[in-house]
Amino acid sequence: MSSLTLPRLGMGTAAIGNLYRAVSDTEARATLSAAIEAGIGYFDTAPHYGFGLAERRLGAALAEAGTPAIVSTKVGRLLEPTLLGGTRHGFVDADPFEPVFDYSADGIRRSHAASLSRLRRERIEILLAHDLGAMTHGAKAEHHRRVFLDSGYPAMRALRDAGAVDAIGIGVNEVAACLDLVSHVELDVILLAGRYTLLDRSAAALFDLCAGRGVQVIIGGPYNSGILAQDDFGDGADLHYNYETPPAEILARARRLAGICAAHGVRLPAAALQFPLRHPQVASVLPGIVGVAQVRDTLARIAAQIPEAVWHDLDQADTPLRQEAS
């Protein structure tokens, strides 16, 4: 198992890969420079984020800064040239490539090599198999799972054993995929997005298993794609929850959580960012950040003092929902 030590706070880079809106090279570089200067030393990226764009931008900024940093990227998709433009897979005016799933050993090795080139690095610290599971693959999920277990996973382990990476794992959005894979293969780390937040605590079912197997957990998407990143929700039309427009029930719950925080003089985004770190199995939290102002806001949120009474009231508000789910 890896002995890699992760910082409590890292930065997710999907937003600088033009998720939901186009981000200029200037804004992306300013964001990354501000994050590096502020001491954020862990960055998570993937070929899927802007179809290479996020990796390119991150690599350029880290090379320019010359500051050591932990980088995780992902495998499971290869990028093939395309003439398609506009918005694709949620990314706006991204690089001219189309992602194609490939969890085979050859696909893993090719994806890793291509990421190193885009990132301008000789090695990266963490390599994650991206988006295994039914949420992404539907009826093809079992096929991709089998290819990964029979071919891709051994290739990832070989890269780790050769010292090309420090740690291997999976980066997914669904708890079921984590429970399945951690029971079948040795993983160093799981990056789970959106499943241990103030609105979705379903990852709690995973933590004991990870503790028993020595698997570190990184929580991405602490704002559930954005809805928890503000206190004022308006009519909800411009918000995202799990990458989609939030349903009325989720919007109502978010407003209730914001009200609880406000009653204690606490901002909801600060509570949302710090919530995953309350669990001892969570090593790091990865909010998506774009813009210098968001870097400043993130640092203020992670440093905010949140009284235990706030957590008590937020837990109490969630208890009936957990009981109904069970």
Side-chain angles (χ1 to χ4, degrees), residues 4-75 77 79 89-97 99 111-128 130 164-167 171 189 191 193 218 220-223 226 229 273 283-303:
L4 182 67
T5 300
L6 292 166
R8 295 175 72 245
L9 176 68
M11 172 180 162
T13 62
I16 64 164
N18 290 10
L19 182 64
Y20 303 140
R21 71 175 181 89
V23 175
S24 69
D25 287 338
T26 300
E27 184 178 13
R29 179 63 64 89
T31 302
L32 290 163
S33 296
I36 294 166
E37 290 172 7
I40 294 177
Y42 170 35
F43 298 88
D44 174 70
T45 191
H48 186 55
Y49 301 160
F51 320 124
L53 180 60
E55 286 186 322
R56 287 198 302 104
R57 286 172 163 173
L58 176 60
L62 290 175
E64 182 179 88
T67 303
I70 295 171
V71 173
S72 56
T73 195
K74 305 180 184 76
V75 291
R77 289 178 174 91
L79 300 180
H89 308 283
F91 295 94
V92 182
D93 296 335
D95 280 0
F97 297 93
S111 179
H112 175 245
S115 287
L116 290 180
S117 177
R118 288 187 291 267
L119 287 163
R120 306 188 192 183
R121 292 170 70 96
E122 294 184 0
R123 69 192 305 276
I124 55 102
E125 286 70 29
I126 305 172
L127 193 65
L128 305 168
H130 201 188
V165 298
D166 294 324
V189 64
L191 196 172
I218 302 164
Y223 304 128
L273 182 60
S284 187
V285 63
L286 288 171
I289 301 174
V290 60
V292 174
Q294 286 193 13
V295 174
R296 290 195 299 265
D297 288 346
T298 300
L299 295 174
R301 291 167 184 173
I302 201 70

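It should be emphasised that the depicted structure is a prediction, and the values quoted were computed from it without experimental measurement. Values below: every heavy atom of this structure, side chains too, minus hydrogens, waters and symmetry copies.
Across all non-hydrogen atoms, the minimal contact from Thr298 to Pro287 is CG2-CG, 4.0 Å. Looking at every heavy atom in both residues, Pro99 comes nearest to His48 through CG-ND1, 3.9 Å. Taking all atoms of both residues into account, the shortest heavy-atom contact from Phe51 to Asp95 is O-CB, 3.4 Å. Considering every non-hydrogen atom in both Ala22 and Asp93, the closest pair reads CB-OD2, 4.4 Å. Taking every heavy atom of both residues into account, Ala15 and Val23 meet most closely at O-CG2, 3.6 Å. The heavy-atom pair separating Gly59 from Arg120 by the smallest distance is O-CD, 4.1 Å.
Residues in residues 283-294 take part in no salt bridge (charged side-chain N to carboxylate O under 4.0 Å, His left out) pair, two or more places apart or across chains.
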Scan the side chains in residues 27-40 for donor-acceptor partners under 3.5 Å anywhere in the protein, sequence neighbours excluded, and list what turns up.
from  : atom 1 : to     : atom 2 : distance (Å)
Glu27 : OE2    : Arg21  : NH2    : 3.2
Arg29 : NH1    : Glu64  : OE1    : 3.4
Arg29 : NH1    : Glu64  : OE2    : 2.8
Thr31 : OG1    : Glu27  : O      : 2.8
Thr31 : OG1    : Gly291 : N      : 2.6
Ser33 : OG     : Arg29  : O      : 2.9

Only pairs under 3.5 Å count here: list side-chain donor-acceptor contacts from residues 7-14, not counting sequence neighbours, and write none if there are none.
from  : atom 1 : to    : atom 2 : distance (Å)
Thr13 : OG1    : Asp44 : O      : 2.8
Thr13 : OG1    : Thr45 : OG1    : 3.0

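Separation of atoms OG (Ser115) and CG (Leu79) is listed at 8.0 Å; rounding is to 0.5 Å. Rounded to the nearest 0.5 angstrom, Leu273 CG and Leu299 CG are separated by 9.5 Å. Atom OG in Ser284 sits 8.5 Å away from atom CG in Leu191 (nearest 0.5 Å).
Here Tyr223 pairs with nothing under the ring-ring contact (aromatic ring centres under 6.0 Å, His included) rule; sequence neighbours left out. Residues meeting the side-chain hydrogen bond (donor to acceptor under 3.5 Å, both in side chains) test with Arg296, sequence neighbours left out: none. In this view, Asp297 satisfies the salt bridge (charged side-chain N to carboxylate O under 4.0 Å, His left out) rule with no residue, not counting sequence neighbours. Residues passing the ring-ring contact (aromatic ring centres under 6.0 Å, His included) test with Phe43: none are found, sequence neighbours excluded. For His112, the side-chain hydrogen bond (donor to acceptor under 3.5 Å, both in side chains) criterion is met by no residue, not counting sequence neighbours. Legend: residues meeting side chain to side chain contact (heavy atoms under 4.5 Å, CB included) with Arg121, ordered by chain and number and at least two apart, are Leu62, Val71, Leu119, Ile124, Glu125. Evaluation of the side-chain hydrogen bond (donor to acceptor under 3.5 Å, both in side chains) rule for Asp25 yields Arg57 as partners, not counting sequence neighbours.
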Q. Can you check side-chain contact (heavy atoms from CB on, under 4.5 Å) on Leu286 and Tyr42, steps first, answer last?
A. CA-CA 9 Å; Leu286 288 171; Tyr42 170 35; 3.6 Å; yes
Q: Could you check Thr73 against His130 for side-chain contact (heavy atoms from CB on, under 4.5 Å), going step by step and ending with a plain yes or no?
A: CA-CA 9 Å; Thr73 195; His130 201 188; over 6 Å; no
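With hydrogens and angles disregarded, no donor-acceptor distance shorter than 3.5 Å links the side chain of Asp166 to the backbone of Ile126.
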